[in-house]
Amino acid sequence: MVEVEEKDEYSSSYPLLTEDASSSADSQTSLKRTGTVWTAIAHIITGVIGSGVLSLAWSVAQLGWIAGPISMLIFGIVTIISSNLLCDCYRYPDPVVGHILNRSYAEAVRSYLGKKSMWVAGIFLQESYYGYGIAYTITSAISMRAILKSNCYHKEGHDAPCEYGDSLFILLFGAVQLVFSQIPDFHNMEWLSIIAAIMSFGYTFIGLALGFAKVLGNGEIRGDIAGVSTTSVTQKVWLSAQAIGDIAFAFTYNIILLDIEDTLKAPPPENKTMKKASSIAIFITSFFFLCCGCFGYAAFGNQAPGNLLTGFGFYEPYWLIDFANACIVLHLVGGYQIYSQPLFAVAERQIAKKYPESGFVNNEYRIKLPLLPGFKLNLLRLCFRTAYVLSTTGLALLFPYFNQVLGVLGALNFWPLAIYFPVEMYLVQNKVRSWTGTWIILQVFRVFCLLCTILAFIGSVQGLISNKLS
């Protein structure tokens, strides 16, 4: 049975990231926000603990026992600082009683820095959301392939030629996302985030436990102070730069912070709840990142695989490795949506604004199939999101290089989205004058992070090109 209805502005397909002017609190009362600190933590963990955690043992191997852990601690501290600055930007002009609600990163930039800055931020935001979709597609395919390889090695022996391509698994993940991409928005996917967060804890614990067990089995802590030895200084610089990019990718989640904050109920003030959730979530994830990276390096030393659970440093117990990789796939199904929903919201809101009378854009069809719950179908949502998933799947097929893709994405987005704009909005919000103590400290902070970002980006691009040409 099919029924047609027109969407209201604040219906279930209410967008979470827009490029329009911010909305007043009074105008949004029709959308009930029920999020708590715990649902926010679940959203954050789903967004932060993703494919990045699997590359951290390799990253520590490139940097060594001193620079590796220190780099992760620095990125954790930087993430907490920048996220706390951004939490105060949900309301404008005051972080607690401001009557303008910035429902997304782009709206916050517009409120505090103006429309031109918003367009610049918007470019990085959409590229970042899109890039996460590609990265998560690649990672999920590698994990699905690893399940087959694990079973093959168990049956045929560790030296068996168990080789499987990525293409089929990339296509399978894309097919799953074609379905899940029809979830209207963030407010309708709390259940998916909670499941994904549980899965992320599952495979992180397994990777940590396997690394710890291998260290005990080896009877020694492997690795060097300076990390992997290379034939030239230039090669060492490139690999270290890629490692920094991978670490940056693992920690970055600021782009969805305000989208998550927009789901929180008030009182208490949204920024207070979000700061608490953010600090707890980043503390938890930083602890797991350190443990996974360091135990992985201690277990394998300079031979640490690029992906801890799919590089086959671990062969047994094969069923546990299979389960861990299944958890990765399930988690990234949710993670893909966490980063895609804001991009969907931008495009669909802009199209709806341009074509307010179009039935194709605005009509929703209530569909009830036998033995299945009813659901709403919108033709614009169906067509646009299908095209989006197909494009991320296609690029994943073209560039299936795990560490290099993560490094490029982490380096490209870290400084503008996690550092520059949050600091700039803080300076405007608090009316910090030039050459004061606070202003100087924040400028030094920005320049330091910019230099790290440039180094990581150059090294990761070099690695991506080298792998594509080799």
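These values consider heavy atoms only, across backbone and side chains, with no hydrogens, waters or symmetry-generated copies.
By the ring pair (Phe, Tyr, Trp, His ring centres under 6.0 Å) test, Phe288 is found to be paired with Phe201, Phe205, residues two or more places apart in sequence or in another chain being considered. Evaluation of the ring pair (Phe, Tyr, Trp, His ring centres under 6.0 Å) rule for Trp238 yields no partner, not counting sequence neighbours. With sequence neighbours excluded, the residues satisfying ring pair (Phe, Tyr, Trp, His ring centres under 6.0 Å) with Tyr388 are Tyr130, Phe344. Judged as a salt bridge (charged side-chain N to carboxylate O under 4.0 Å, His left out), and not counting sequence neighbours, Lys272 has no contacts. Residues meeting the ring pair (Phe, Tyr, Trp, His ring centres under 6.0 Å) test with Phe212, sequence neighbours left out: Phe295. Partners of Trp38 by side chain to side chain contact (heavy atoms under 4.5 Å, CB included), not counting sequence neighbours, listed by chain and number: Thr36, Ile41.
Considering only heavy atoms from C-beta on, Asn363 stays 4.5 Å or farther from Leu379 through its side chain. Residues Gln429 and Pro95 form a side-chain contact, since some pair of their non-hydrogen atoms from C-beta on lies under 4.5 Å apart.
Of the possible donor and acceptor atoms, none in the side chain of Ser117 sits under 3.5 Å from a partner among the backbone N and O of Gly114. Between the side chain of Trp415 and the main chain of Arg446, a donor-acceptor pair closer than 3.5 Å is present. Using modelled atom types, no side-chain atom of Gln177 and backbone atom of Phe173 make a donor-acceptor pair closer than 3.5 Å. The closest donor-acceptor contact from the side chain of Asp262 to the backbone of Leu258 lies at 3.5 Å or more, if one exists at all.
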Requested in this report: Decide yes or no on salt bridge (charged side-chain N to carboxylate O under 4.0 Å, His left out) for Glu270 and Lys265, but give the supporting numbers first.
Outcome: CA-CA 7 Å; Glu270 299 92 347; Lys265 62 182 178 182; over 6 Å; no
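The pair Arg103-Glu261 fails the salt-bridge criterion, with no side-chain N (NZ, NE, NH1 or NH2) lying under 4.0 Å from an Asp/Glu carboxylate O.
Annotation: Phe414 is not in aromatic contact with Phe251 [ring centroid separation under 6.0 Å not met].
Between Tyr132 and Tyr136, the ring-plane angle classifies as perpendicular under the 30° and 60° cut-offs.
Donor-acceptor pairing under 3.5 Å is lacking for the side chains of Ser140 and Tyr336.
More than 12 heavy atoms of other residues, nucleotides or ligands sit less than 6.0 Å from atom CZ of Phe384.
Considering Lys353, Lys354, Arg385 as possible partners of Glu348, the one that fulfils the salt bridge (Lys or Arg N to Asp or Glu O under 4.0 Å) test is Arg385.
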